[in-house]
Every structure is written in C-alpha cells, then in structure tokens.
There are 2 protein chains.
Amino acid sequence: MVTMRDVAERANVSIATVSFVLNGTKRVAPATRARIEAAIEELNYRRNVVARALASSRTRILALLHPDLESRPNATVIQFVMGAAHGARERGYDLVLWPVNDDEQMSHLLAGGLVDGVLLMEVQIRDSRVERLLSSGVPFVLIGRTENDDLPYVDIDFATTIHQAVEHLRSYSHRNIALVTQRTKASPGNEPGRIMRVESAYLGAIAPLGGRPAVITVEGTSAGGREAASTLHTDFPEATAVILVNEGASAGLAKGVRALGRTVPEELSIISAATTHEFGEMIEPALTVMAAPAPELGRLAADALVDQLEGVPASPHVLIPCTLVPGQSVGPAHL
Amino acid sequence: MVTMRDVAERANVSIATVSFVLNGTKRVAPATRARIEAAIEELNYRRNVVARALASSRTRILALLHPDLESRPNATVIQFVMGAAHGARERGYDLVLWPVNDDEQMSHLLAGGLVDGVLLMEVQIRDSRVERLLSSGVPFVLIGRTENDDLPYVDIDFATTIHQAVEHLRSYSHRNIALVTQRTKASPGNEPGRIMRVESAYLGAIAPLGGRPAVITVEGTSAGGREAASTLHTDFPEATAVILVNEGASAGLAKGVRALGRTVPEELSIISAATTHEFGEMIEPALTVMAAPAPELGRLAADALVDQLEGVPASPHVLIPCTLVPGQSVGPAHL
DNA sequence: CTGAAAGCGCTTACAG
DNA sequence: CTGAAAGCGCTTACAG
C-alpha cells in the first residue's frame, strides 16, 4: 500500500505538505505542488479514507435510516434512496443503508462514530428516532416532517399536490371526490406526517365543491386497493372521482372498481398521487398520476445534509409538489 | 466523547485489557472483566469504529456496486439491495451504496480503503469491473455470473426456473411456448449472463415439445412489453403461451396482448419469471409468476462475502431457483 | 492474566 | 511557503 509518506519522500517534502496540496487547505509553491502531484501520479497514490476520517474526525459517510423495505418495496421510496446515494456521491460522500427499526439499535449505531450525518425516512408526526438524533448531536435531515416544522427537512408538498389534483378533477366537472390514503402500523395519531397533511389538504380543497368528504384508509397492498374499491362503492356511491395517495393499493383499486362493474374513467376517475409515471402506466387503464419528485428530493436531502456538515448556509426546508402526468384514468364526471 | 481510555481508568486497567474484553480476543480474569463491563455500562461507552478500522485495517463496511437504479427501479433488484443490507447488518457490517458506472471511478473508490469487500450487481458475461476487482485484491461476491464460473457468486438458478415454467405450461398442454427477454445497452455478446442462460435453458426445455423456438427481446418498459405483444402476434402466431423474463415489460405485454384482441389466459398464457408476487398481482389478470428469491439471495451474498472476509470456509456458489406462484394468467392451451 | 508501547495513515495547530 | 510533531482512538505483538 502506498502511503502519504511514500509520496512525500518521492517529492522531497514533508507529509504535511502533501496533505496540504491534497486538501487544498494551505498555499503551496507551484513548483512544490507540481512535484507532489507528479509523485502522486507516478505512485498512483490514493489517500486512505479511514486514516483521514480518524485524524479529521469526519468520515464523509452519511447514513440513510429507513424502515424495513425488504418485503414490500415501493417504487417511490426506492427513488428517494437512489437519489440520496447519487447526491452523496456527487458531493464526495458515501451513503450507508441502515435498516433500523428500534431506536435502541439506532443509538448504538450513532455512537459508533461511523457517520457524519443521517437522513431519516418515513418520519412520523411524533418520532422517537428524531429525539434520539437530537440528543445524539449528529446532524440530520428529515425526509418528511414531524409536527415540529423547525427541523431541517425535505418533503413532497402534499398540500399543493392535492390541490392540483382536485383542480384537475374539477376541470372535468367532478364535485364528489374521495380520498384513499394508507394505513400504517403506527399508533393512531402518530402516522407519517404525510397522511395528516394529505387529509387536511384534501378537506380544504374539496370544501368549495360542496361534496361530502370521503376519506378511506387501507393497507398499501392489492387487497387494500380492492377493499377501498368496495368501501367506496357502498359507503360513498356519489363519488365520481378518487384521489389515491397509496401507491401499493393503486392497482388493486383499479381492479376492484372494475370488478364491481364500474368503468374507469367513464364511471369513476382516478388520480394516483405521489407515485411514478412508470408505475401508473402498468395499470389498466394507465393511471393519471401526480409523479413524486423522489429522485430530486433524495438528492436534495443529501445536499442539504452535506451543506449543513460543511457549514454552507442553506435553506433547511425544501418542499416540492408532484407533477401531473395525464393518463387514461380521468374523464368527465357523469352527472 | 467517552473513549477506551476513560473506561480503562474507571476500571483501573490498561486500555489493552479493555480492548481484549471488547473483542474477546484474549482471556481476561472474570473479576477484571466484570469491572470493565461495569465501567462500559456506567459510561455508556461505545467503541469508535473508525479508530478500530484504522488499527485493525478492517472497516467492516461492504460496498454494493450497482448500475443506475435511479430512473427505473425494479422491484426485484430492490429486494436484492435490501436483502444485502439486512444480511450485512446482521453480521455486524454496514453496506454502502455505490452507484458507479465507469470502472475508472470504481478503482478510485476501491483504493480508498473504505470497504473490506464488494458485492457486484448486474454482472455481464465479460465484465471489466470484475477485472478491476480482481486486480485490486479486494474480496468480492458477484450477484450473477460471468463466463468464469469459478468466481464466488450468488445467482438465480435460471435453468431450473425456466424448466419449471415450461413444465407448468406443458401440464396445461402448451407445446408452442415463446420467450421474452430483456434488451440492454450492453454490447451484443456481452449481455448480463442471465439473458444467455435463460435462452439456452429455454431452448433446451422446449426442444422435446417440438414447437418452433420463439425468442423476443425487448426493452424493460411498458412500450417494450407492447412491442413484444405485437411481435408475438405477427411473427409467432402459433404460440399459445409465453414465458417472460423481463419484469419491466410484463404489464405492457399483458396490455398489448389484450389490445390485439387476445384474451389471457384463454388465448394466451403468460408466466412472468424472476419477479415478485406483489408485482404480478398488480397486473390484470394477476400474473402467474416465478417469484425471485431476491431478498434471500441478497442476504446470502452478504453472508458469503463476510464468510470470505472472516475466513469461514463457505460455498462460494449459491444458486436458487424461483418459486412458482400461480395467478390467473395460465390456462389450458387451445388447440 | 495484564500492561507499556508501537503503530495504523492521516490532519492540524504551531514554529520558523 | 514548509516542516517537525502531536494527536485522532483504537489493536496487537511483545514482555513480564
């Protein structure tokens, strides 16, 4: 293994000077710099990141703390993850995956000093992991929000997204619009913040339409989607359109609706929000979606975290709405 | 920050002894050990992984080298990734994500000394990244195989999978079975090994049936699936069943077939191999799938790599077939 | 069974 | 502009 000492010897300088040119932390005479760069090139030297981390007490590793994505991966979540990995890499950082469930284990990981900062996914309204992060002193950025809006976060702008979805449906004369969200294992009142925000945005957006609010909450599975279809059918027969914020249930809903003898979009229009265009296309009929800015948000989350670590003044709050991508699941309301 | 020195002082021993009990590397008197453990507990000490890495020249970090998963994530690939992350964590290792495309950048990363070993995804028949790994001396495990079967790998047993799929169709009296695989950007003759293996398994399996071989290669997208449907329709009208090894195209194929006026499974049976049950369920009709053992393989890949790093004698070759999960897309052949 | 000490390969005040 | 040296927090022969 070639070390900084080898480079220093070859260039006839001290290792300190080598370090200075490598990091650009101090002015070095051009001739000296040239000698050092030549030596680095000739020896094909690459600085040891572990030694650097120990000496500088900065590992340049970021952790992505996520729930168990093993069993039921979700297209949008993955785009977050990959966006974050790319964003980190571009800033010279590495991203480690931490599939951590209990926050006890999390404290242990944080205390190990492996990571400079943490990205936290699937944030709940009240999230004990956030408390752990706060008390650990490790910098972090949330992907999602708690009830405390002051913490640094990056999130989908659900309010705008839902308003745009309602607006789109309204332009097709829909007045009775239902909402389907996702049930989680979290204790009631402590769901992911997104669910709460989506509901209140929905209630606000449909109020002017005069229709009866219809909120249905199901699991993010095909079965959940079918359940939503039948609940819709029996409890809210007046609804002519539905907005879905439940990627996993979207296919099941479309199938379930048709199984009940209703056609899409003639008898029921569907918009699936916070999902991907590709995902919507797979379904029959191709769903009109509000595509989540997930790759971008993942990247921005990593960026915001690195900014924070490097003292770059940056806005700790990023909010981006989904983008409407018309498919074939929205049509005029039948009155 | 509480260090090993603090623990040593509190327990009235040297830091070496603390290290011995922490690592279990040397016999320590029970009384001494108890004092040390108490001190660790009281101080809530957690050993610094970076210092440990530098001193032991083992970082306990694994890298997962994968292609760009940002744009078009695939349910199965993600299960690999998450399986590997879990597997690593269970063995006390961390997994970093390396979205690396050119192998130049890869060499740089390898030389930095950050990782003890590498997991390589999307392996090609001839893969320059494997050469880089070999010459870097960093231990690795492939997820997939090159033409050289001697390297340590973990892979889906495509031969068995395809044979079982053909057998299943045969039990429904199908004799003319087509195959749809995935087109990649890789140079011809250097596709992912899976494509080659799937094709030859297919040819071997259908030979006894006497039907004309029908291999269609399309992109892993909805458009690709529709293209496959029309190619099938015009070029291989005799086919009564199709085996798909192209998750991204499966929804498009099902749609495309119906758009051409053929019903599934009455007029065409479909099996989608190397995908997930959940994914198949989303499609109309719910596809009969050969579910990939992806979470398991990801975990086993991490396990095999850790075994290798820790000198545990282990089989470097793991091959697991997909599991048949009947859906509604396979029916009797119409003759 | 335990300890003193060298060493892992860097960074970073501090001096000059 | 450059260098000598301490130090980051561990592990690990080596002695005793």
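Heavy atoms only: backbone and side chains are in, while hydrogens, waters and symmetry mates are out. Lettering of chains follows the sequences in order, A, B, ..., and the numbering in each one begins at 1.
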- [ ] Kindly give the heavy-atom pair with the smallest separation between B:V118 and B:L65, and that separation in Å.
- [x] CG1-CD1, 4.1 Å
Open item on the list: Both A:F20 and B:R5 contact DNA chain D. Taking the nearest nucleotide for each, which residue is further toward the 5' end?
Closed with: A:F20
TODO: To the nearest Å, give me how far apart CG (B:L22) and C1' (D:dT11) are.
DONE: 11 Å
Task: Listed nucleotide nearest any side-chain atom of B:S19, set D:dT11, D:dT2, C:dG9 - done: D:dT11
- [ ] Measure from the side-chain heavy atoms of B:A16 and tell me the nearest of C:dA4, C:dT11, D:dA4.
- [x] C:dA4
- [ ] In whole angstrom, give the distance that lies between atom CG of A:N12 and atom P of D:dT2.
- [x] 12 Å
- [ ] Kindly compute the distance separating CG (B:D94) from CG (A:L95), expressed to the nearest 0.5 Å.
- [x] 11.0 Å
Task: Passing candidate, side-chain contact (heavy atoms from CB on, under 4.5 Å) with A:L142, options A:D155, A:V123, A:N148 - done: A:V123
Open item on the list: Could you check whether B:R129 pairs with B:E122 (Lys NZ or Arg NE/NH1/NH2 to Asp/Glu carboxylate O, under 4.0 Å)?
Closed with: no
Show each protein N/O and nucleotides 6-8 of chain C N/O combination with a separation under 3.5 Å, one pair to a line.
from, atom 1, to, atom 2, distance (Å)
C:dC8, O2, B:A55, N, 3.4

- [ ] Measure across B:A292 and B:I156 and return the closest heavy-atom pair with its distance rounded to 0.1 Å.
- [x] CB-CD1, 4.0 Å
Task: Electrostatic pair A:R5:A:E9 at N-O distance under 4.0 angstrom - done: no
- [ ] Send over the distance from A:K26 NZ to C:dT12 C1', rounded to a whole Å.
- [x] 8 Å
TODO: List the steps and the verdict of salt bridge (charged side-chain N to carboxylate O under 4.0 Å, His left out) for B:E90 and B:R299.
DONE: CA-CA 9 Å; B:E90 281 160 14; B:R299 189 176 242 102; 2.6 Å; yes
Open item on the list: Within residues 29-47 of chain A, which residues have any heavy atom lying less than 4.0 Å from an atom of DNA chain C?
Closed with: A:Y45, A:R47
TODO: State, without any angle test, whether A:Y45 and A:R10 hold a side-chain donor-acceptor pair at a distance under 3.5 Å.
DONE: no
- [ ] Provide, to the nearest angstrom, the distance between the CG atom belonging to A:N23 and the C1' atom belonging to C:dT12.
- [x] 10 Å
Task: For A:V18 against A:M4, the heavy-atom pair lying closest together - done: CG1-CG, 3.6 Å
Task: Check: B:D116/B:T59 side-chain N/O donor and acceptor closer than 3.5 Å - done: yes
Open item on the list: Tell me the closest heavy-atom pair linking B:G144 and B:Y153, and the distance in Å.
Closed with: O-CB, 3.3 Å
Task: Helical stems, DNA chain C - three or more consecutive Watson-Crick or G-U wobble pairs below 3.5 Å - done: C:1-3 with D:14-16, C:5-12 with D:5-12, C:14-16 with D:1-3
